[in-house]
Asker: 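I have a structure here, written as structure tokens, and I will follow up with some questions on it.
Below, read A as the first sequence line, B as the second, and so on, with proteins coming before strands; counting in each chain starts at 1.
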Amino acid sequence: MTEPLLEVRDLKVYFSVYRGFVQRLLGGGDAKVHAVDGVSFSIAQGEVFGLVGESGCGKTTIAKTLVGLVRASSGKILFRGEDVTRPDRKGLFRVRERIQLIYQDPQAALSPAMTVGEAVADVLRAHGLPTDKGDRVHAESEAEIRAAVYGIFDDVGLRPPAFYYDKYPDELSGGQKQRVVAGRVLGLRPQLIVADEPVAMLDMSVRARMLEFLMELKARHHLTYLFITHDLATAKFVCDRIGIMYLGRIVEVGPARTIYADPKHPYTRALLQAIPIPDPSRRSAKVLPKGEVPNAVWPPGGCRFHPRCPSALPTCGWEGRDVIALLEERWLSIELAAREGIAGPIEAWEADGLIARRDMGTTDPHAVAALIRTIIDQSGGPMAQAVRDIRVEGTTVIVEFRAPEPLVPKEVEGRVVECLLY
Amino acid sequence: MADWFARGRTSLVGRLFGTFLRQSRSIAGVLVWIGIAVVLAIIVMALLAPFLAPFDPNTKVADPELPPGGPFVMGTDRGGQDVLSRIIWGSRVPLAIIAVATTISLALGLPLGLLSGFAGGRLDRAILLVMDSIYAFPGLLLAIAIAAVIGRGILNVSFAIAVVYIPTYFRVIRNHVASVKEEPFVEAAIALGLPRRRVIGRYILPNVAQSIPVIFSVNAADAVLTEAGLAVLGLGLPPGIPDWGFDISLNWQRFDASWWATFFPGLFILILTTALTFVGEGLNDILNPLLRRRETKVGAEA
Amino acid sequence: MTAVLELEHLSVTYETTQGGVHAVQDVDLTIASGSIMGLVGESGCGKSTLGRAILRLLPDNADMQGSVRFAGRDLLSLSAKQVRDLRGRNLAMIFQDPMTRLNPLMRIRDHFIETIRAHDPEVRPEDALERAKKVLADVRVPSDRLGMYPHELSGGMRQRIMIALCLLFNPALLIADEPTTALDVILEAQILQLLQSIMHEYDMAVLLITHNLGLVAEFADRVAVMYAGRIAEEGATVPLFREPRHPYTQGLLRSVIDLETTKLYSVPGEPPSLLGDSIGCPFFPRCEKRMSVCETVFPEIRLVGEDRRKVACHLY
């Protein structure tokens with residue numbers, strides 16, 4: 001296999017959460033958002049690689065890191081074998097010519113105070129005009145730049161170019177604006193285009209046209225795409241290979257056809273199943289994962305999907321806070337909450353890694369421990385078998401879990417999955 | 001900055017003016033027109049002072065404290081000078097001070113605001129601290145202190161006033177920049193590898209420029225009052241230059257005997273500041289929606 | 001079947017400096033009690049304006065004509081106070097972004113207390129909280145969230161809380177304007193499943209306004225397709241999806257990209273501007289089946305086929 005165009009190795013991007021002065025004084029260390037937490041993938045020349053996931057999974061952070069808008073905390077980004085993880089300023093200028101970003105919202109990506117022709121011209125003024133030899137020269141005159149912009153407009157289908165040059169973004173349709181944004185990027189002759197939800201803001205009736213346009217550009221300019229989307233259906237149509245992301249990790253990656261034909265990771269399955277089908281004769285009851293994507297400041301231990309996973313195993317990473325979540329859900333029923341009142345209220349429980357505990361004060365801790373054991377055994381599912389013990393220390397009830405099995409990506413039927421089922 | 005002006009094919013001033021013209025029939029637009037008309041009239045009055053003023057402003061032309069009437073439409077003051085002539089000549093001072101003071105504060109406040117807002121971090125906090133400490137002083141008090149140190153004269157007074165208003169420009173521009181900086185189009189410009197100077201000049205400045213005329217008119221109104229205040233306290237211009245504020249300070253103790261010598265200069269200060277405020281408030285109503293346009297596309301919402 | 005809401009010849013025009021924007025034109029629509037009516041259309045077609053018009057939540061420059069009959073009364077003829085009284089009590093609405101609809105400085109509990117006391121000033125705060133806890137349990141939100149501020153909650157939780165606030169007075173109709181557009185697919189499905197189960201429990205009708213045909217197909221009983229401020233086609237969901245009759249509906253359905261798409265399709269052209277008066281069929285410039293009559297004569301709504309579907313097209 002030839003050298004990949006882009007290779008990302010164990011990329012981590014953490015953001016510090018701003019904490020007030022008083023909070024920092026009180027200690028507890030710095031909280032960090034684990035936006036991207038150990039992601040590796042590679043993209044071959046000419047390929048369309050899709051990163052698919054829900055909001056907050058880290059896909060946009062990866063996009064921004066690749067084009068240099070966000071700093072990688074650790075890991076490596078190799079472009080044609082060259083390390084571009086932390087380019088200096090000059091290097092950044094060169095990287096940006098080769099890796100370019102197309103935004104989700106073309107309206108927002110264009111300055112409302114600048115005509116679209118100027119938006120493209122401005123980039124050519126800063127970077128020079130591309131020549132046939134592959135280098136760039138600074139334009140001799142404004143006329144030369146205008147001519148180059150016309151050429152680009154023609155290329156992206158804004159014809160006649162002179163008609164569009166002096167328009168403001170407000171005067172163009174969403175599709176036309178996206179063409180301007182694409183043209184502005186093409187003026188730099190990039191090799192890799194990172195397209196961050198390029199069609200999400202467009203109406204359904206014109207979305208297909210945009211996708212066709214992007215694919216046409218790819219063929220004409222020998223581009224490689226990193227296609228970022230939350231929409232599995234669109235990804236299926238355009239991507240050669242896809243990576244499914246969840247909370248800063250890639251949980252499944254491989255050829256698109258293989259994954260769509262037979263998704264292996266429970267999260268991939270959940271995502272596929274949740275897509276609404278525009279055919280009312282095929283309505284079916286869906287089994288959806290519970291709850292929502294957890295906070296990336298404190299991602300769940302073990303497999304990050306385990307608290308929501310319909311196929312979770314006892315070894316997936318059960319921990320103290322899962323007990324609290326279980327009680328919380330159970331006590332949604334006002335009746336049950338009243339009957340099991342001695343173990344409550346929920347706020348009195350605290351989680352610490354593998355442990356959940358509650359100081360019972362004057363209440364009999366042994367009765368509560370017994371109650372908790374029954375609850376976990378009855379409705380905890382796989383969690384029940386992960387419990388090491390439920391014990392009483394003084395007046396405190398403690399639930400402790402066994403450490404999870406280490407999670408490593410595995411090759412399964414032509415794709416790589418990060419899941420203990422395999 | 002010069003780079004931006006040279007290359008800006010779409011004139012920023014033209015665009016703002018266009019927005020104003022399109023809305024000039026609204027209530028805010030009428031306010032602005034009235035304000036502009038009044039200010040223009042005063043400017044014409046100042047320019048044509050030698051032809052308009054019936055008497056020399058600095059000469060005793062009649063008995064002191066003659067009531068309005070006869071050749072002395074607004075009476076004479078305690079020095080026997082013609083009040084009307086002094087008012088006509090005196091309009092030059094506030095106008096000159098507006099021009100010089102607002103130019104100085106704009107020239108310093110705008111770049112500092114752009115820099116501070118764009119750079120963020122420590123530099124921002126440092127500049128902010130300095131500006132806030134200036135801002136924390138009562139404006140007039142600060143101007144008095146500066147004027148007392150550097151002495152009288154149009155330039156000196158203008159400078160004293162300018163220092164007071166730098167933080168206003170700075171504050172408004174900086175906050176505006178800090179919010180525009182978060183817009184995706186700025187990030188897109190950075191991602192396209194455009195130099196920082198260009199990002200500020202071509203992508204941020206045009207999107208914050210609509211605040212400038214607004215602050216300008218409001219500050220101008222304030223500057224007139226501050227100058228009058230300095231003059232009343234004897235820290236304004238040297239005697240001999242007719243000035244509304246100075247005339248008030250000269251005559252107000254004799255208000256009971258000759259109210260006209262105090263009243264008319266005061267009236268003109270009021271007229272000028274009101275007109276400038278009309279312009280400022282009206283422009284604020286008209287130009288600021290430019291920023292909110294994205295959220296309020298009337299009728300086009302889904 | 002009884003109708004909970006009947007729109008007759010409803011038109012909404014925004015007066016702007018550039019002229020009148022005809023956001024909604026001559027819309028007839030009937031929503032049966034206890035059913036879900038899906039209102040689909042693309043951005044700018046007037047569907048949100050229509051939803052807001054029902055609650056009279058439009059800006060001052062909007063002019064409304066026609067009638068909105070709800071519970072035997074014409075909402076357009078009621079006083080502002082009478083409408084306020086109906087809102088939240090008999091008619092409720094949820095929006096795309098729940099964050100902007102909740103006061104960031106108020107705890108969730110205070111949102112509930114305030115909403116309840118706005119309609120029943122006599123209620124004591126403790127009793128209001130009891131009611132809040134009950135509806136929260138119905139939308140599956142733990143009651144400890146009552147003590148939190150909106151920003152401490154996830155997007156899904158906020159939307160559930162918005163729904164709970166709507167349920168307090170057991171309204172007859174809930175207008176859901178793109179309720180899940182800001183949410184991810186899994187959450188979207190969760191929220192709609194929740195809505196579906198709740199509407200049975202509360203015997204409530206839902207007007208589901210969305211651009212997502214898939215959602216309508218999965219959840220709506222009837223569908224109205226809007227284009228350029230008018231209803232292009234309206235009928236029961238199953239036959240409408242099986243055999244769309246209006247060329248716009250056909251184009252829209254063909255352009256959906258789903259997991260089985262093998263060939264991309266997009267409707268040519270762009271939606272028209274709603275500014276100013278127009279003649280003929282608004283879809284004419286983009287229509288693949290256009291005829292000469294379409295350019296000059298507006299197609300009236302006709303009842304077409306066995307399912308007596310409403311279609312505004314000269315083909316029928």
Asker: Donor-acceptor pair, A:Arg207 side chain versus C:Tyr265 backbone, under 3.5 Å?
Answerer: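 Judged by distance alone, no pair lies under 3.5 Å.
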Asker: Give the member of A:Ser55, A:Ser333, A:Ala285 that has the highest number of heavy-atom pairs under 4.5 Å with chain C.
Answerer: A:Ser55
Asker: Determine, for A:Glu292 against C:Arg160, whether the closest basic-nitrogen to carboxylate-oxygen distance falls under 4.0 angstrom.
Answerer: no
Asker: By a 4.5 Å heavy-atom criterion (distance strictly below it), what part of A:Arg330 contacts chain C: side chain, backbone, both, or neither?
Answerer: neither
Asker: Using a cut-off of under 4.5 Å for heavy-atom pairs, which of C:Leu252, C:Leu187, C:Leu213 has the most such pairs with chain A?
Answerer: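 The option with the most such pairs is C:Leu187.
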Asker: A:Ile277, A:Val206, A:Ile346, A:Asp279: which one forms the most heavy-atom pairs within less than 4.5 Å of chain C?
Answerer: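 It is A:Ile277.
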Asker: Using only atom types and a distance under 3.5 Å, with no angle test, would you say the side chain of A:Glu328 pairs donor to acceptor with the backbone of C:Pro142?
Answerer: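 Looks like no, no N/O pair under 3.5 Å.
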Asker: So which of A:Gly291, A:Ser284, A:Gly174, A:Ser281 has the largest heavy-atom pair count under 4.5 angstrom toward chain C?
Answerer: A:Gly291
Asker: Counting heavy-atom pairs under 4.5 Å to chain A, which of C:Lys134, C:Gln193, C:Arg242, C:Arg254 comes out on top?
Answerer: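 Maximum pair count with chain A is reached by C:Gln193.
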Asker: Does the side-chain contact (heavy atoms from CB on, under 4.5 Å) test come out yes or no for C:Ile186 and A:Tyr267, once each step is laid out?
Answerer: CA-CA 10 Å; C:Ile186 293 176; A:Tyr267 179 63; 4.0 Å; yes
Asker: Below 4.0 angstrom, N of the basic side chain to O of the carboxylate: do C:Glu260 and A:Arg282 qualify?
Answerer: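 Salt bridge between C:Glu260 and A:Arg282, a charged N being under 4.0 Å from a carboxylate O: yes.
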Asker: Counting heavy-atom pairs closer than 4.5 Å to chain A, which one of C:Leu215, C:Leu259, C:Ile257, C:Leu253 comes out on top?
Answerer: C:Leu259
Asker: Given heavy-atom pairs under 4.5 angstrom as the criterion, report whether the side chain, backbone, both or neither of A:Leu272 touches chain C.
Answerer: both
Asker: Let me know if C:Arg286 has heavy atoms under 4.5 Å from chain A in its side chain, its backbone, both or neither.
Answerer: side chain
Asker: Using every non-hydrogen atom in the two residues, find where A:Glu54 and C:Val185 come nearest and quote the distance to one decimal.
Answerer: OE2-N, 4.4 Å
Asker: Where on C:Glu218 is there a heavy atom nearer than 4.5 Å to chain A: the side chain, the backbone, both, or neither?
Answerer: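 Contact with chain A is through both the backbone and side chain of C:Glu218.
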Asker: Among the options A:Ala274, A:Ala208, A:Ala270, A:Ala337, pick out the one with the most heavy-atom pairs lying under 4.5 Å from chain C.
Answerer: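 The option with the most such pairs is A:Ala208.
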Asker: Checking A:Lys236 against chain C: side chain, backbone, both or neither under 4.5 Å from a heavy atom?
Answerer: side chain
